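The structure appears below as C-alpha cells.
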There are 2 protein chains.
Amino acid sequence: MVPSRNSSVVPLSKRKIACKDCSLFQICLPVGISEEELERLEKIIQRRRPVKRGDHLYNSGDPFRSICAVRSGSIKSYVPTEKGNEQVTGFHLPGELLGLDAISQKIHPCSAKALETTSVCEIPYEQFELLSNELPVLHRQLINLMSKEIFEEETHMVLLGKKSAEERLAAYLFSISMRYQRRGFSATEYYLSMSRNDIGNYLGLAVETVSRMFTRFQDDGLLTVERKHIIIHNLDRLRHLAGAMPCKSDGNSFCFTRS
Amino acid sequence: MVPSRNSSVVPLSKRKIACKDCSLFQICLPVGISEEELERLEKIIQRRRPVKRGDHLYNSGDPFRSICAVRSGSIKSYVPTEKGNEQVTGFHLPGELLGLDAISQKIHPCSAKALETTSVCEIPYEQFELLSNELPVLHRQLINLMSKEIFEEETHMVLLGKKSAEERLAAYLFSISMRYQRRGFSATEYYLSMSRNDIGNYLGLAVETVSRMFTRFQDDGLLTVERKHIIIHNLDRLRHLAGAMPCKSDGNSFCFTRS
DNA sequence: AACGGAATATGACAAATATCAATTTGTTCT
DNA sequence: AGAACAAATTGATATTTGTCATATTCCGTT
C-alpha cells in the first residue's frame, strides 16, 4: 500500500517535484547552483517509483548507469563476498548519494538494497556528463561530494582500525543522529531501519556484541532502546563515548574532539 | 641547508620534465587527454623539490591548496588522534594522488609524511578549477580517480571489518605487489618503505602481530623477509591467503576472487 | 488469530589478538 | 668508530570479542 502522500490525482512516480521544492535541496547534488542551471539539471533527473524493502537498486556487477540520491527511506550498500557472506560498506539516508564507487569502472562493485520503502532520484550519468560540459559547476559539486565521501570513509577506517566495540556503536549512533539532525529531524529519537546484523557487519562486530552494547548503554541510562526505536538521553555523553573523531566545526576550522 | 637545487645549470625544481616523458604518464592525472590539453595542464603543474624522509607535505588542519601526485618515493597519510596516537589511512606510491579528502572542506583532515626522499607534482587546485571550466576532461579524470579511491577504501573496509591478521597482511602485500607491477617494477621483490608500526596501524593490528605474521609467512616458504626487503616466492598463494577481494579483471567484468 | 520463521537478547566458553616484558638488531648522530 | 636511540623480533600472559547454544520476542503470512 502506497501511503497517501500521492493520494488524489498524479502518482508519485510521475509527479514532477522540483528540486527547489524538495526538503533535501540543501544537502543533495544541486546545492549552490543557479536557478537556470538547476532547471537544466532537473530535466535529466528521473524520479523512480519507490522501491520496497528488500528490493535492490542495483547489484554488484551491474553496469553503472546513474548516480542515485535518496529522497526518503534508506539504502544499504554492501559487497557480497562468499556465499551468503557480505560486508556492509555504508547506509544511505535521505539527501545522500550512492553509486559513486562505480564511476571509474563503469560497473557497480557494491549491491544496494532498500531497508524500507524508499524513493530515489536517479541522475543518468551519461547525460550528467554531457550537461557538465556546459555547466562545470555540476562537476565541481560532484567532486565536492566525492571528497566528502572519501573523508567519511577515512573516518570509518579509524573506527574499524582503532575503536573498541563500545566506541564503535557510540560513534555509529552519534553519526546517525547528526545525519538526521542535518535534514531537520530529531537527533535524539529515531527508528533504525537496519538490523542488528547489518549494524554489526558495518561496524566489524558480531551481532551479539551489538546487542550487548545496546543493553549496556540502556543500563547506563544513556539511551532507551526498544528494538529499532532509539531515544538518546544524553547526546553529549554519546559523543564522548564515541572517542576521538575528526570533524568539521561549523566555521572553517578543523578539529579533533577527544571524548 | 638547501640542497643544490640552483647549483649548476638547471635546478631539478625548475627543470621542466614533461608529463608525456614521465614514467607515470599512464597512471597519473593526465591519462587520456589530448596533447594540447596536456600542455595547458602542464603549465600549472608545479614540481616540488624532493622532500626528505619524515618531512610533511602538509599537516592535518592545513588549508587545502593543491592536489599532489607522487613522482618517486612514498608518502603516508594519517589522521593524528590524541597525543602521539594516529591512524594511518593510506600509503601513496608513485603515480598515486593524495589530498583528495580535503577538497570539500578546503582543509586537510590528514597529515602527509614522506617515508623516504620523495618528489611530488603539485596541482594548484584553484588553477585546476579554472582550467577545468574550459577542459571538462580534467574534471572527468579527477572524478574517475576519486571514484577509484572510494572503491579502494571500500576494499580496505572489508579488510578491516572481516579479515584475520593473516589475511590482512597477505592482502596488504599483494596490493603493494600489484601497485608496483603496474608502474613497471617487480611485483615479487621490493623494499617496504613503511615501518612495521605503520603497517600494523594501517591494518588495524599490533606491531607484534605483524612481526609474527611475517615470520609465519617466511616459515611457510611463502616469502623471504629481511627487514624492509621482501621477496615473494609465490604470488598466487599470497593472493589466496588474502581471501576474497573485489577486483576489476582486465576486461570489463567484475569478479570476486575467493582464494 | 494462530503459526512459523526471523530477529534479538543473554549466558557460557573459546579463540584470536593485544599487551607487557625482554632481547636483538639496525640506524643515526656526534 | 662508538654511543645512544629506534625498530623489530620473540615469548608469556591478559583481555576483548567471537562463537555456540538457548530462550524470547516480534512480524508477516496464511
Side-chain angles (χ1 to χ4, degrees), chain A residues 1 52-55 76 84-88 113-117 159-173 191-220 223-230 241 243, chain B residues 1 52-55 76 84-88 113 115-117 159-173 191-219 223-230 241 243:
Chain A
M1 183 192 68
K52 288 201 303 287
R53 186 159 89 96
D55 284 353
K76 141 179 123 171
N85 211 351
E86 64 184 48
Q87 168 71 39
V88 175
K113 190 191 227 176
L115 294 168
E116 58 196 307
T117 301
L159 180 146
L160 290 173
K162 285 266 173 305
K163 288 180 192 284
S164 68
E166 184 176 83
E167 289 172 320
R168 290 183 198 197
L169 186 61
Y172 178 71
L173 293 174
Y191 282 85
L192 288 171
S193 57
M194 63 293 293
S195 69
R196 300 285 191 271
N197 226 311
D198 288 337
I199 295 174
N201 189 309
Y202 179 63
L203 297 178
L205 299 172
V207 202
E208 293 92 334
T209 306
V210 176
S211 253
R212 279 185 252 271
M213 289 301 145
F214 269 121
T215 306
R216 182 192 292 183
F217 286 165
Q218 180 155 252
D219 290 349
D220 289 355
L223 47 75
T224 301
V225 50
E226 172 82 26
R227 293 271 156 171
K228 296 184 176 312
H229 184 203
I230 309 284
L241 271 182
Chain B
M1 182 193 67
K52 288 202 302 287
R53 187 160 88 97
D55 283 354
K76 143 180 122 173
N85 211 352
E86 63 184 48
Q87 168 71 37
V88 175
K113 190 191 228 176
L115 293 168
E116 58 196 307
T117 301
L159 181 146
L160 290 172
K162 285 266 173 304
K163 288 181 192 282
S164 68
E166 185 175 83
E167 289 173 318
R168 290 183 199 197
L169 187 59
Y172 178 70
L173 293 174
Y191 282 85
L192 286 172
S193 58
M194 63 294 291
S195 69
R196 299 284 191 271
N197 227 311
D198 288 338
I199 295 174
N201 189 310
Y202 179 63
L203 297 179
L205 298 172
V207 203
E208 294 92 333
T209 306
V210 175
S211 250
R212 280 184 250 272
M213 289 302 147
F214 268 120
T215 307
R216 181 192 293 183
F217 285 165
Q218 179 155 251
D219 291 349
L223 48 76
T224 301
V225 51
E226 172 80 28
R227 292 272 155 171
K228 296 184 178 311
H229 183 203
I230 309 283
L241 270 181

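Just so it is clear: chains get the letters A, B, ... in the order the sequence lines come, proteins before strands, and each one is counted from 1. This structure is a prediction, so every number in the text was calculated from the model and none was measured.
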Checklist entry - Which distance, rounded to the nearest 0.5 Å, do you find between the OG1 of T215(A) and the CG of D220(A)? => result 10.5 Å
Checklist entry - If you check every side-chain atom of E208(A), which of dA18(C), dA9(C), dT19(D) has the closest atom? => result dT19(D)
Next on the checklist: I need the CG-P distance between L192(A) and dC26(D), as an integer number of Å.
Outcome noted: 17 Å
Item to check | Y191(A) OH to E116(A) CD distance, which is reported to the nearest 0.5 Å | outcome: 12.0 Å
Next on the checklist: Would you say S195(B) places a side-chain N or O within less than 4.0 Å of OP1 or OP2 belonging to dA7(D)?
Outcome noted: no
Checklist entry - When all nucleic acid strands are considered with a 4.0 Å heavy-atom cut-off, which category describes R216(A): base, sugar-phosphate, or nothing? => result nothing
Checklist entry - Starting at CD of E116(B) and ending at C1' of dA7(D), how long is that distance when rounded to a whole Å? => result 17 Å
Checklist entry - If you check the A165(B) side chain, which of dA7(D), dT17(C), dT19(D) turns out closest? => result dT17(C)
Checklist entry - In whole Å, what is the span from the NZ atom of K52(A) to the P atom of dG28(D)? => result 14 Å
Next on the checklist: What is the separation between atom CG on N85(B) and atom C1' on dT19(C), rounded to the nearest whole Å?
Outcome noted: 15 Å
Item to check | Nucleotide of dT10(C), dA9(C), dA8(D) approaching R196(A) most closely (side-chain heavy atoms) | outcome: dA9(C)
Item to check | Length of the line joining I199(A):CD1 and dA9(C):C1', which is rounded to integer Å | outcome: 14 Å
Next on the checklist: Please report the distance, rounded to the nearest Å, between CG in D198(B) and C1' in dA6(D).
Outcome noted: 13 Å
Item to check | Minimum-distance nucleotide (side-chain atoms of T209(B) versus dT27(C), dT17(C), dC26(D)) | outcome: dT17(C)
Checklist entry - Any chance NZ of K228(B) has more than 12 other-residue heavy atoms, nucleotides or ligands included, within less than 6.0 Å? => result yes
Item to check | Contact nearer the 5' end of DNA chain D, comparing F214(B) with G204(A) | outcome: F214(B)
Checklist entry - Does N201(A) reach the main-chain N or O of E86(A) with its side chain, forming a donor-acceptor pair under 3.5 Å? => result yes
Checklist entry - For E226(A) and dA9(C), what is the distance between atoms CD and P respectively, to the nearest whole Å? => result 9 Å
Checklist entry - Has T215(B) got a side-chain N or O lying under 4.0 Å from the OP1 or OP2 atom of dT10(D)? => result yes
Checklist entry - What's the closest nucleotide to the R227(B) side chain, out of dT10(D), dG18(D), dA7(D)? => result dA7(D)
Checklist entry - Do R168(A) side-chain atoms and K163(A) backbone N/O form a donor-acceptor pair below 3.5 Å? => result yes
Next on the checklist: Can you see if the side chain of R212(B) gets near the phosphate of dA12(D) - specifically, an N or O under 4.0 Å from OP1 or OP2?
Outcome noted: no
Checklist entry - Taking CE from M194(A) and P from dT8(C), how many angstroms apart are they, rounded to a whole number? => result 11 Å
Next on the checklist: OP1 or OP2 of dA8(D) versus the side-chain N and O atoms of K228(B): is any pair under 4.0 Å?
Outcome noted: yes
